[in-house]
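Quick notes on the structure that follows.
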Amino acid sequence: MLGPLPYFHRVVVIVAVVMTAIASGAWIAHFTAVPVAVGAGAVVGGLTGLVVAYALVHPATHTGVHAQPIRTRRR
């Protein structure tokens, strides 16, 4: 979705998304009545963050074929 990024930038995007998702899951779970919900919310947020990070840094199609320039014949 973001296009081809260098390795370091992909790692930064993945870490940022996962950390934000963990914090968001823990924060949302903090307001529930269940006492163990913060840990579970962090786990669910982390898993959701991994899915979102994967969707961000991987292309939509994985055909393995790279685009090639169109060959034309001049007359």
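Since the model is a prediction, treat every value here as computed from it, not as a measurement.
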Without placing hydrogens or testing angles, list every side-chain donor-acceptor pair under 3.5 Å for residues 26-53, not counting sequence neighbours.
{"unit_1": "Thr32", "atom_1": "OG1", "unit_2": "Ala29", "atom_2": "O", "d": "2.7"}
{"unit_1": "Thr48", "atom_1": "OG1", "unit_2": "Val44", "atom_2": "O", "d": "2.8"}

**OP:** Following the transitive rule for hydrophobic clusters with a side-chain heavy-atom cut-off under 4.5 Å over Ile, Leu, Val, Met, Phe, Trp and Tyr, establish whether Tyr7 and Val15 coincide in one cluster.
**Re:**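 Looking at the clustering, Val15 is in the same group as Tyr7.
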
Subject >> Within one Ile-Leu-Val-Met-Phe-Trp-Tyr cluster: Val11 and Met19, side-chain cutoff 4.5 Å >> reply: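 They do share one cluster, since a chain of ILVMFWY contacts under 4.5 Å joins Val11 to Met19.
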
Original post:
ring-ring contact (aromatic ring centres under 6.0 Å, His included) with Phe8: which residues, sequence neighbours excluded?
Top reply: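 Partners of Phe8 under the ring-ring contact (aromatic ring centres under 6.0 Å, His included) test: none.
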
Original post:
Among Val57, Leu56, Ile22, Val12, which residue meets the side-chain contact (heavy atoms from CB on, under 4.5 Å) test with Val17?
Top reply: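 For Val17, the side-chain contact (heavy atoms from CB on, under 4.5 Å) check succeeds only for Leu56.
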
